[in-house]
Amino acid sequence: MSGASDNILEISGLNTSYGRIPMLRDVGLVIPKGQVCCVLGANGAGKTTLVKAILNMIKADKGAMSLDGEKIDAWPTHKRVERGIALSASAVGTFHKMTVDANLRMGAYYINNEKLLSERLSEIYKSFPVLRLRLNQKAGTLSGGERTMLAIARAVVNHPKLLILDEPSLGLAPIMVEAVFDIIRSLRAKRMSILLVEQNSVKALSVATTGYVIQKGAIVFSGSAAALSDSEYVENPVM
Ligand SMILES: Nc1ncnc2c1ncn2[C@@H]1O[C@H](COP(=O)(O)OP(=O)(O)OP(=O)(O)O)[C@@H](O)[C@H]1O
Ligand SMILES: [Mg+2]
């Protein structure tokens, strides 16, 4: 069935493999509209594999997926992107030789209305002042934190239905981690639906409403962010 749903994304029974080696096993996940859902897990647990499967960058062996109530299993990657799934990941590089402004315009290439494009760009420069200061600077010369901001901005410029952030805090200094999470908070305030993949569980749970834990390709916990914070999967600092 297609049609609007309370959930922006629904996944059930998802299995993937690398060659003959199974990776994701019977993964089920639901992201309610307008909320931040986090997926926590150690190195190699299968988080990026899940992200890639959502974009059909890795084929599912089995399972069903829907976006805003519409079945998307047969949709190729470009259609999923066009229909509103945006990925920001350090692995998905920005274009180093191009300026910040040109990178944002590349990100917005589905917007073919000049007026809307300039509105969206000014909105981005308002939300990401650090990028406005550097709009003519080549992306390759940005700091790691600034480049993370650019990668997020490039996804946000399209007003995606679902924004996927794969480890946005990876490798950043604490002050930049704060800045990135401030951005996530401001997107949450605008009711953007976000899938946040993180190893930094304390930070992720500070912005998420719901959360999942993935271990060796399987979901071992799902529930509210509060329940996850209290669970054995998150080490809370001793008060
Ligand atoms: N193209 C591939 N071919 C074979 N194995 C792969 C491939 N990509 C990933 N893997 C393996 O699948 C497992 C899960 O990888 P994945 O990238 O999903 O982990 P992750 O949870 O994102 O980890 P990290 O936190 O380090 O990014 C790892 O053991 C990885 O080595
Ligand atoms: Mg990963």
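Since the model is a prediction, treat every value here as computed from it, not as a measurement. All ligand and atom numbering here is 1-based and tracks the order in the structure. Numbering of residues begins at 1 and proceeds along the displayed sequence.
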Any heavy atom of Glu167 closer to ligand 1 than 4.0 angstrom? yes
Do Glu146 and Arg134 meet the salt-bridge criterion of a basic N to acidic O distance under 4.0 Å? yes
Could you tabulate the donor-acceptor pairs under 3.5 Å formed by side-chain atoms of residues 207-214, not counting sequence neighbours?
from   : atom 1 : to    : atom 2 : distance (Å)
Tyr212 : OH     : Val30 : N      : 2.9
Tyr212 : OH     : Val30 : O      : 3.4

Would atom 30 (C) of ligand 1 count as contacted, meaning some protein heavy atom under 4.0 Å? no
Do Lys62 and Asp26 meet the salt-bridge criterion of a basic N to acidic O distance under 4.0 Å? no
Return yes if a side-chain donor-acceptor contact under 3.5 Å exists between Thr49 and Tyr18, otherwise no. yes
Flag atom 22 (O) of ligand 1 as yes if some protein heavy-atom distance to it falls below 4.0 Å, otherwise no. yes
Enclosure of Lys138 NZ (heavy-atom neighbours >12, cutoff 6.0 Å): no
May I ask you to list the atoms of ligand 1 that are less than 4.0 angstrom from any heavy atom of Asn43? 23 (O), 24 (P), 25 (O), 26 (O)
Which protein N, O or S atoms sit under 2.8 Å from the Mg ion (ligand 2)? Thr48 OG1
So for ligand 1, is Ala45 a polar contact partner (N or O within less than 3.5 Å, distance only)? yes
Checking side-chain contact (heavy atoms from CB on, under 4.5 Å) between Pro160 and each of Val157, Leu162, Leu163, which is the one that passes? Leu163
